[in-house]
Amino acid sequence: MSRDWLSVATLKEATIVQRMIGERIETADRLPPAPRVAGADVSMKWRDSMGPVHAAIAPVDGPAATATAIPPFPYVPGYLGFREVPVLAMAWDRMAASGGPVPDLLIVDGHGRAHPRRAGVASHLGVALDVPTIGCAKTLLCGMVEGEVGPDPGDRAPVVHGGEVVAMALRMRARAAPVYVGIGHRVSLETAVDWVLRLGGGRRLPLPVRLAHDAANAARRLAEAERS
DNA sequence: GCGACAG
DNA sequence: ATCTTGTCGC
């Protein structure tokens with residue numbers, strides 16, 4: 001399908017690909033009634049942007065799948081997808097190959113449409129895998145919060161960029177900074193906010209993202225321990 | 001032109 | 001992204 005987009009040689013090329021992704025995002029709901037939700041995140045060594053990246057796809061109700069690869073790029077703001085999506089796709093394939101059921105909805109640690117070219121890592125992964133995704137980021141890459149987010153869990157305010165609402169600033173927990181929830185692929189903004197809130201568990205980050213974060217970290221520590 | 005900049 | 005210890009509050 002569209003996994004050719006996983007590897008590009010230059011940032012100029014990547015920019016072209018991102019414009020294609022941005023135009024291909026589906027912003028309406030297209031997912032099963034009771035989706036199996038999983039989180040997606042990566043882990044890497046501190047300040048080692050050329051070292052290996054460890055990725056995890058972590059279902060809420062089952063074992064996580066992980067994969068490791070060396071990304072072709074250092075970290076460049078706006079091009080995160082080209083570092084993370086290839087190795088996340090490897091973890092996804094490993095999960096599919098393990099025989100069990102595959103997730104119907106991924107909550108990705110990073111932005112979706114809230115991106116200069118509407119192609120954040122969540123959208124990138126969703127289009128590449130052809131699966132519904134939600135972006136859930138801890139800080140903004142672009143755009144501004146319109147108004148203010150209320151103090152209580154569930155309170156929200158739109159994030160506007162280029163004249164359109166690209167995400168929702170969402171208070172998950174009192175006295176904790178909001179998270180930025182956005183459309184990745186095949187999920188409406190309202191549905192995205194609903195799922196993140198429902199899986200919040202009284203914490204700032206939704207459960208699937210925490211599980212993926214932990215699984216990716218565990219994979220990295222394991223790899224670092226048994227090498228040498 | 002200058003500054004800002006997910007993970 | 002990640003490192004590290006203690007400290008504060010419910």
Side-chain angles (χ1 to χ4, degrees), chain A residues 6 11 14-15 18 21-22 25 39-58 66-89 91 106-128 133-145 151-153 159-162 166-170 172-185 192 196 201-206 208-210 212-225:
Chain A
L6 294 190
L11 288 186
T15 303
Q18 287 182 333
I21 293 171
I25 297 173
D41 194 16
V42 306
S43 174
M44 69 194 81
K45 199 173 182 185
W46 190 39
R47 287 176 62 154
D48 183 17
S49 72
M50 286 311 283
V53 163
H54 307 270
I57 305 288
T66 63
T68 298
I70 294 179
F73 281 95
Y75 170 65
V76 180
Y79 297 88
L80 185 62
F82 294 97
R83 273 179 68 72
E84 299 195 350
V85 169
V87 61
L88 281 168
L106 295 177
I107 303 181
V108 184
D109 189 332
H111 287 292
R113 293 188 72 211
H115 176 278
R117 291 165 293 281
R118 304 292 178 268
V121 59
S123 297
H124 197 147
L125 185 65
V127 171
T133 57
I134 292 169
C136 182
K138 297 175 287 299
T139 63
L140 281 179
L141 171 63
C142 67
M144 291 180 53
V145 179
D152 301 320
V159 176
V160 177
H161 176 258
V166 293
M168 202 66 84
L170 177 67
M172 296 288 287
R173 177 182 182 160
R175 289 179 303 283
V179 295
Y180 304 93
V181 179
I183 294 171
H185 187 48
V196 170
R203 315 266 281 147
R204 181 158 97 114
L205 295 177
V209 171
R210 296 201 307 272
H213 195 280
D214 290 347
N217 258 325
R220 178 171 68 89
R221 303 196 169 196
L222 197 67
E224 287 173 353

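Note that the structure is a prediction, hence the values are computed from the model and not measured. Chain A is the first sequence line, chain B the second, and so forth, proteins listed ahead of strands; every chain is numbered from 1.
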Just to be sure I understand the rule, does A/Gly135 reach a base, reach only the sugar-phosphate, or reach nothing, if contact means heavy atoms closer than 4.0 Å?
nothing
Of B/dG7, C/dC3, C/dT2, the nucleotide closest to the side chain of A/Arg221 is C/dC3
Whole angstrom is fine here: how far is it from CG in A/Leu140 over to P in B/dG7?
10 Å
A/Tyr75 on top of C/dA1's base, within under 5.5 Å and under 30°?
no
Name the nucleic acid region contacted by A/Asp109, choosing base, sugar-phosphate or nothing; use a 4.0 angstrom heavy-atom cut-off, strictly under.
sugar-phosphate
Should the pair A/His124 and A/Phe82 be assigned to parallel (<30°), tilted (30 to 60°) or perpendicular (>60°) ring geometry?
perpendicular
Please work out if A/Arg175 contacts a base, only the sugar-phosphate, or nothing of the nucleic acid, heavy-atom cut-off 4.0 Å.
nothing
Does the side chain of A/His213 get closer than 4.0 angstrom to OP1 or OP2 of C/dT2 through an N or O atom?
yes
Hey, does A/His213 have a side-chain heavy atom less than 4.5 Å from the side chain of A/Ser43?
no
Rounded to the nearest angstrom, tell me the gap between atom NE2 in A/His161 and atom P in B/dA4.
16 Å
For A/Phe73, does its backbone N or O pair with a side-chain atom of A/Arg83 as donor and acceptor, under 3.5 Å?
yes
So what does A/Val121 hit on the nucleic acid, given a heavy-atom distance under 4.0 Å: a base, only sugar-phosphate, or nothing?
base
Side chains of A/His54 and A/Arg221: is there a donor and an acceptor less than 3.5 Å apart?
no
Specify the separation, in whole Å, of atom CZ of A/Arg118 and atom C1' of B/dA6.
14 Å
In whole Å, I'd like the distance from the NZ atom of A/Lys45 to the P atom of C/dC3.
10 Å
With respect to the side chain of A/Ala137, which nucleotide from C/dA1, B/dC5, B/dG7 is positioned closest?
B/dG7
Tell me the interatomic distance from A/Lys138, atom NZ, to B/dC5, atom P, rounded to whole angstroms.
15 Å
Gap between atoms OH and C1', on A/Tyr79 and B/dG7 respectively (whole Å)
16 Å
May I have the distance from A/Arg117 (atom CZ) to B/dA6 (atom P), rounded to whole angstrom?
13 Å
Using a distance-only test with no angle check, is there a side-chain donor-acceptor pair under 3.5 angstrom linking A/Thr15 and A/Tyr79?
yes
In whole angstroms, the gap separating P of B/dA4 from CE of A/Met144 amounts to 15 Å
